[in-house]
Q: 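Sharing a structure, written as structure tokens. Questions coming.
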There are 2 protein chains.
Amino acid sequence: MINVINRCFTDIYFQLHPVQNDAISHQSVRILQLVHKKKYIMIRDIAEYLLISHNTASEHVKKLVSSGWLYKERSEEDQRKVYLHLTQSGLSVLKKNTELDEEKLQNALNKLSDEEKMQIVRAFQLLSEVSK
Amino acid sequence: MINVINRCFTDIYFQLHPVQNDAISHQSVRILQLVHKKKYIMIRDIAEYLLISHNTASEHVKKLVSSGWLYKERSEEDQRKVYLHLTQSGLSVLKKNTELDEEKLQNALNKLSDEEKMQIVRAFQLLSEVSK
DNA sequence: ACGATTATATCGCATTATACGATATAACGA
DNA sequence: TCGTTATATCGTATAATGCGATATAATCGT
């Protein structure tokens with residue numbers, strides 16, 4: 001069962017992911033992903049998740065800010081802390097690099113009945129829920 | 001509906017993907033992926049898919065062969081052609097970099113009933129099928 | 001037969017990505 | 001005040017990425 005899900009999962013991503021011409025590095029995508037999924041994330045958290053030193057994480061973030069994909073917010077309570085957030089542009093880049101292509105996904109879904117579409121949505125919601 | 005599926009899809013991958021300490025580059029993963037999903041793939045095909053020049057693709061493949069993740073097979077009919085295949089080691093590296101972690105996925109599924117598990121498997125098979 | 005094409009490979013070179021140690025600054029905590 | 005925490009910057013090193021130029025061998029078209 002695990003293997004079937006994994007084969008389908010990778011097949012779906014392989015077939016439906018957007019064609020990306022964007023020049024974006026692997027670590028940049030991982031950082032945008034972290035910022036998107038985690039609330040109140042800081043530089044040191046990114047270093048921890050990515051298993052890199054804090055200064056390297058700081059350099060990465062600097063680049064992402066200057067690219068216009070992230071912005072910083074100083075904490076009110078503790079002025080040392082810097083919370084990171086995605087810009088609209090950053091969200092758009094992240095989507096192109098982690099989500100399924102909307103048009104390709106729509107084309108795939110159109111081959112199914114309404115009942116089948118709903119089954120797929122429910123299944124994704126279910127697995128997403130128990131993954132947390 | 002598209003947005004719900006995409007949010008769930010990225011959540012599932014974010015929560016369940018393996019923690020990877022392997023030192024492997026982005027392009028290397030993409031090439032292993034291509035070789036895995038496509039039959040009789042050649043250097044020039046990889047260049048085409050990855051939108052890079054054939055000589056760069058050749059260099060990448062050389063590195064992957066020397067890492068023991070790919071091996072080459074000369075075509076019988078046309079001796080110019082070199083088909084690429086994954087080694088066992090290459091397949092293992094690819095899985096760690098694209099699939100969901102077996103243990104994490106199992107833990108998530110264990111929170112569900114047998115009926116719900118089957119619904120998820122059917123939904124993934126369904127979407128995988130219409131994605132081709 | 002032979003020039004054109006195809007597929008791969010290699011070399012030289014340039015740029016970007018990735019990372020860390022050392023060091024600095026500012027803010028917080030006891 | 002002194003130690004700790006969070007971020008930032010500089011210098012430096014190595015790996016990753018990529019392309020043009022060039023080479024070799026096989027195949028194709030006429």
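What you are looking at is a predicted structure, and each value in this text was computed from that prediction instead of being measured.
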Q: A/Arg44 has an atom CZ; how far is it from atom P of D/dT4, in whole Å?
A: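 To the nearest whole Å, that distance equals 16 Å.
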Q: Find the distance A/Ile24:CD1 to C/dT18:P and express it as a whole number of Å.
A: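 Taking atom P of C/dT18 as the reference, CD1 of A/Ile24 is at 10 Å.
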Q: Indicate whether OP1 or OP2 belonging to D/dT9 is found under 4.0 Å from a side-chain N or O atom of A/Lys62.
A: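 So the side-chain polar atoms of A/Lys62 do come within 4.0 Å of the phosphate oxygens OP1 or OP2 of D/dT9, strictly under.
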Q: When you check every protein heavy atom under 4.0 Å of nucleotides 17-30 of chain D, what one-letter string (B, S, -) results, 5' to 3'?
A: BBBBB----BS---
Q: What is the distance, rounded to the nearest whole Å, between atom CG of A/Asp45 and atom P of D/dT5?
A: 14 Å
Q: Could you check whether any side-chain N or O of B/Lys111 sits under 3.5 Å from a backbone N or O of A/Val130, counting only pairs where one atom can act as donor and the other as acceptor?
A: yes
Q: Would you call the rings of B/Tyr13 and B/His17 parallel, tilted or perpendicular, where under 30° means parallel and over 60° means perpendicular?
A: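 Parallel: the ring planes of B/Tyr13 and B/His17 meet at under 30°.
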Q: So, for B/Phe9 and A/Phe9, is the gap between ring centers shorter than 6.0 Å?
A: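 Distance test on ring centres: under 6.0 Å, yes.
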Q: Shared ILVMFWY cluster between A/Tyr71 and A/Tyr83, side chains joined below 4.5 angstrom?
A: no
Q: Starting at atom CZ of A/Arg74, determine the distance to atom C1' of D/dT5, rounded to an integer number of angstrom.
A: 12 Å
Q: Under 4.0 Å: is that the gap between some side-chain N or O of B/Lys72 and OP1 or OP2 of C/dT8?
A: no
Q: State whether a side-chain donor-acceptor pair under 3.5 Å links A/Glu77 with A/Ser75.
A: yes
Q: Can a salt bridge be assigned to the pair A/Asp45 and A/Lys38 using a cut-off of 4.0 Å between side-chain N and carboxylate O?
A: no
Q: Please give, in whole Å, the distance from C/dA9 P to B/Lys81 NZ?
A: 15 Å
